[in-house]
Amino acid sequence: MDENNTQIMISTYKYKNLYFAVGVSKAGKIVWIALPQENEKDAIADILKLYHPDQNIQFEVSNKYTDIAKKVCRVYNGEDVKFHLDSLDLNVDKSKRSSIKTQFERDVLLEVAKIPYGEVRTYKQIAEELGTKGYRAVGTAVGKNPFPIVIPCHRVVKSDLRIGEYRGGSEMKNEILKNEGIKINGDKITKK
DNA sequence: TGCCCGCCGGGTG
DNA sequence: CACCCGGCGGGCA
């Protein structure tokens, strides 16, 4: 592949049979973070899903951003690693290849980004912060989070404190929360 | 427009 | 507890 045509750089990091992957733009911004996968191919495929098949995206896998993938891994495993929001491509662009399609999705993600380590908020709380009753719409937007783990959508739970859904499965959500020290009994958060 | 959603709360047994 | 259902609003074909 011609390096000069590379539009996106993908780096992966393996830990305990799980592959973490990040996609980074030419501009050096993270455009997508994969949920951990059992093999590297799936992790890379998760990044490329962002792009339409007919976009013929140029990408290259290298170790250039392995440190970022490693940081994601560390957060997954319960470390309170800080990420700068400016390392993420938070642009809203419906037409172009952009991780975030609408202003509403962006607003939701920025609200979720405020949830402190080791705490949870409900979908309803996020909606109310944004001044809407579209609780389900918040769930939908959270579900499209291009930066899982870094923007902690796993910390958003149902109003009755049940865990709720997750792209990677509720078991994975459960595990990340557990790694953060959040107490869970069955499918419910046990403390406020 | 119509339909799908990582939701919510009130209802019933 | 278990379903069940109407309401809500954002996004997309």
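Convention: sequence-line order gives letters A, B, ...; per-chain numbering from 1. The figures here come from the full heavy-atom set of this structure, side chains too, leaving out hydrogens, waters and symmetry mates. These figures come from a predicted structure and were not determined experimentally.
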| field | Rounded distance in Å - CD1 (I176(A)) to P (dG6(B)) | value | 17 Å
| Between K124(A) and dC7(B), does any side-chain N or O lie under 4.0 Å from OP1 or OP2? | no
| message | Do D46(A) and W32(A) pair up side chain to side chain, a donor and an acceptor below 3.5 Å, judged on atom types alone? | response | yes
| task | Whole angstrom is fine here: how far is it from CD1 in I163(A) over to P in dC7(B)? | result | 12 Å
| Sugar-phosphate or base contact per nucleotide [nucleotides 4-13 of chain C; S, B, -; heavy atom under 4.0 Å] | ---BBBSSS-
| request: Give the rounded distance in Å between these two atoms: CD of Q125(A) and P of dC8(B). | output: 10 Å
| said: Both atom distances under 3.5 Å, Watson-Crick or G-U wobble: I'd like the secondary structure of DNA chain C as a dot-bracket string, with | for pairs made across strands. | reply: |||||||.|||||
| field | Minimum heavy-atom distance between M172(A) and L35(A), given as atom pair plus value | value | SD-CG, 3.9 Å
| message | Looking at the base of dG6(B), is there any donor atom on it, or on the side chain of Y166(A), that sits under 3.5 Å from an acceptor on the other one? | response | no
| task | Report the C-alpha separation of Y13(A) and I68(A) in whole Å, then their side-chain angles, then the decisive distance to 0.1 Å, and conclude whether the side-chain contact (heavy atoms from CB on, under 4.5 Å) test is met. | result | CA-CA 9 Å; Y13(A) 179 74; I68(A) 299 177; over 6 Å; no
| request: Starting from the C-alpha separation in whole Å, work towards a yes-or-no answer on side-chain contact (heavy atoms from CB on, under 4.5 Å) for H154(A) and E180(A). | output: CA-CA 11 Å; H154(A) 57 279; E180(A) 285 192 12; 2.8 Å; yes
| message | Is a donor from one side chain sitting under 3.5 angstrom from an acceptor on the other, for N91(A) and D93(A)? | response | no
| said: Would you say E171(A) and Y166(A) are linked by a side-chain donor-acceptor pair, where the criterion is simply a distance under 3.5 Å? | reply: no
| field | Considering all heavy atoms, the nearest Y19(A)-A43(A) contact | value | O-CB, 3.9 Å
| task | Can you tell me the distance, in whole Å, between the CG atom of L35(A) and the P atom of dG6(B)? | result | 14 Å
| task | Could you check N63(A) against T12(A) for side-chain contact (heavy atoms from CB on, under 4.5 Å), going step by step and ending with a plain yes or no? | result | CA-CA 7 Å; N63(A) 61 8; T12(A) 67; over 6 Å; no
